[in-house]
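What follows is one structure encoded as structure tokens, with my remarks underneath.
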Amino acid sequence: MKKTLLVVTSLCLFLNFYAQNKKLAEECFQKADYKCAEEQYLKLAEKEQIQKFQSEYYNYLGTAQRRLGKTTQAFKSYDSALKANPMSISVYVNLSSLYSQKGNKVKALEYVEKGLKVNPETADLYLTRSKIYDNQGKKDLAIKDLNQILTFAPDNIFAKTGLANLKKNSGDLDGALKDYNQLLAEKPESLLYNGRSDVYFKMKKYKEALADANKAISIDPKFAQSYVSKAMILMDTSKLKEACENLDKAVALGYEKAILSDSYAKCVKK
């Protein structure tokens, strides 16, 4: 009886300790303390015996490393996540996105295809592929993927903004502005104000662009992209110090610094 009680007590202590580690990892991630998140998720992943949970921890570990600029380690963590659970759609999303970001479009498209076989109604995979097609000049295929999202998720704001951005990228700024105005009339969200800000920016309407970027930030102060948009506007209007401060804010909120290397090169080093 005493032996059984001891085993139960030990198990309870272990589970409590494990739960505390998981909570700490989640808190670190939410606070954008990615170094702390990396350390905690690595411990959880190495100790976890249930493959589904182990995959989840490796996936978060990869994302933390990605935010820290540790691309090689991020790829390894995502690969470990996929080995632990080949049916994890979020891992396919992360791998396709990271490969695309690093310029390996072939591998990115490969993981999009694999992911869609697991779940053909995964909006993030279509969004990634649409961006790749757009960069490759395959506008028809890019539009097709975005419209495909709307067949199973008619309110998907990213698909709708994606269609507006395709007009923007092809030089139809008036068409893109019209789309954003309509979307904002329906749902005034941070993402939409940020998108319209970029349209105004390309039109060289800096006053309107800055107003929209600030509006996006006021709605969602943790939306990192809005700080990047604001920084680009400020750089173009010769407000370098303030621009660099906004880049720092974006990075602090999780935006990958490596993507901003060209912009940071313009910042005065202290």
Side-chain angles (χ1 to χ4, degrees), residues 93 96-109 111-112 116 122-151 153-213 215-217 223-237 243 246-247 250 255-256 258-263 266:
V93 169
S96 63
S97 173
L98 186 54
Y99 271 116
S100 178
Q101 178 192 318
K102 295 304 175 183
N104 192 335
K105 307 304 182 185
V106 174
K107 290 292 288 185
L109 290 173
Y111 279 103
V112 168
L116 289 175
T122 305
D124 285 340
L125 292 174
Y126 287 109
L127 289 170
T128 295
R129 190 167 68 180
S130 177
K131 289 177 183 177
I132 293 173
Y133 284 152
D134 182 26
N135 291 333
Q136 293 176 337
K138 300 175 181 178
K139 305 297 181 183
D140 291 344
L141 291 177
I143 292 171
K144 182 180 178 181
D145 270 354
L146 294 174
N147 282 325
Q148 180 63 30
I149 295 172
L150 297 177
T151 63
D155 295 325
N156 189 289
I157 194 172
F158 298 105
K160 291 181 177 180
T161 55
L163 290 168
N165 288 335
L166 282 174
K167 291 183 181 181
K168 177 188 70 178
N169 295 339
S170 63
D172 183 8
L173 298 179
D174 289 330
L177 182 59
K178 182 179 178 180
D179 285 353
Y180 270 111
N181 286 339
Q182 182 178 339
L183 288 168
L184 279 164
E186 297 170 358
K187 202 171 187 179
E189 292 192 3
S190 179
L191 175 68
L192 297 176
Y193 276 109
N194 185 74
R196 191 173 69 175
S197 173
D198 193 46
V199 176
Y200 280 134
F201 176 67
K202 291 186 180 302
M203 289 179 161
K204 304 296 182 182
K205 294 184 177 181
Y206 297 120
K207 182 179 179 181
E208 293 87 346
L210 187 59
D212 271 358
K215 182 66 175 179
I217 291 170
F223 184 32
Q225 181 62 54
S226 293
Y227 293 98
V228 176
S229 298
K230 185 174 180 178
M232 297 303 104
I233 299 165
L234 292 168
M235 280 190 174
D236 247 35
T237 52
N246 277 274
L247 290 179
Y255 203 95
E256 293 179 54
I259 302 176
L260 302 171
S261 57
D262 290 342
S263 298
K266 300 175 185 178

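Residue numbers run from 1 in the order of the sequence given.
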* **side-chain contact (heavy atoms from CB on, under 4.5 Å) assessment of Lys107 paired with Lys102** => CA-CA 10 Å; Lys107 290 292 288 185; Lys102 295 304 175 183; over 6 Å; no
* Structure fact -> Tightest non-hydrogen contact, residues Val199 and Leu173, listed as CG1-O, 3.7 Å
* Only counting residues at least two apart or in another chain, list the ones meeting side-chain contact (heavy atoms from CB on, under 4.5 Å) with Lys105. => Ser100, Ile132, Asn135, Gln136
* So which heavy atom on Asn246 is nearest to which on Ala231, and how close? -> CB-CB, 4.0 Å
* Give the intermediate values and the outcome of side-chain hydrogen bond (donor to acceptor under 3.5 Å, both in side chains) for residues Asn165 and Tyr180. => CA-CA 9 Å; Asn165 288 335; Tyr180 270 111; 2.8 Å; yes
* To do: Using a 4.5 Å cut-off on heavy atoms from C-beta on, say whether the side chain of Thr128 contacts that of Val93.
  => no
* Using a 4.5 Å cut-off on heavy atoms from C-beta on, say whether the side chain of Glu256 contacts that of Gln101. => yes
* Test log, rule salt bridge (charged side-chain N to carboxylate O under 4.0 Å, His left out), inputs Lys204 and Asp236 -> CA-CA 9 Å; Lys204 304 296 182 182; Asp236 247 35; 3.7 Å; yes
* Quick one: are Asn147 and Asp145 in side-chain contact, heavy atoms under 4.5 Å? -> no
* Structure fact -> One should read off an interatomic distance between Ser226 OG and Ile217 CD1, to the nearest 0.5 angstrom, of 5.5 Å
* Return the minimal non-hydrogen interatomic distance between Leu150 and Asn156, and the atom names on each side. => CD2-O, 4.1 Å
* Met203 side chain near Asp174 side chain, heavy-atom distance below 4.5 Å -> yes
* To do: Any chance you could measure Leu184, atom CG, to Leu192, atom CG, to the nearest 0.5 Å?
  => 5.0 Å
* Which pair of non-hydrogen atoms, one from Gly162 and one from Leu146, has the smallest distance, and what is that distance? -> C-CD1, 3.4 Å
* Does Lys139 NZ have over 12 foreign heavy atoms under 6.0 Å away? -> yes
* Side chain Ser130, main chain Tyr126, donor-acceptor under 3.5 Å -> no
* Asked: Hey, are Asn169 and Asp134 close enough side-chain-wise for a donor-acceptor pair under 3.5 Å?
  -> yes
* Give the minimum heavy-atom separation between Tyr255 and Gln225, together with the two atoms involved. => CE1-OE1, 3.2 Å
* Asked: Going from NZ on Lys160 to CG on Leu183, what distance comes out if it is rounded to the nearest 0.5 angstrom?
  -> 6.5 Å
* Asked: How many angstroms lie between atom OG of Ser197 and atom NZ of Lys202, to the nearest 0.5 angstrom?
  -> 11.0 Å
* Asked: Side-chain donor-acceptor pair under 3.5 Å between Ser229 and Asn194, yes or no?
  -> yes
* Any Glu208 side-chain heavy atom under 4.5 Å of Asp212 side chain -> no
* How long is the span from the OH atom in Tyr133 to the CD1 atom in Ile143, to the nearest 0.5 Å? -> 13.5 Å
* Applying ring-ring contact (aromatic ring centres under 6.0 Å, His included), name anything that partners Tyr99, two or more places apart in sequence or on another chain. => Phe75, Tyr111
* Distance (rounded to the nearest 0.5 Å) between Thr237 OG1 and Lys207 NZ -> 14.0 Å
* Residue Lys187 excluded, over 12 heavy atoms near NZ under 6.0 Å -> no
* Could you tell me which non-hydrogen atom of Ala216 sits nearest to which non-hydrogen atom of Ser190, and how far apart they are? => O-OG, 2.9 Å
* Sub-4.5 Å side-chain heavy-atom contact between Leu247 and Met232 -> yes
* Check: Leu166 main-chain N/O paired with Ser170 side-chain donor or acceptor under 3.5 Å -> yes
* Asked: Is there a donor-acceptor pair closer than 3.5 Å between any side-chain N or O of Asp172 and the backbone N or O of Lys168?
  -> no
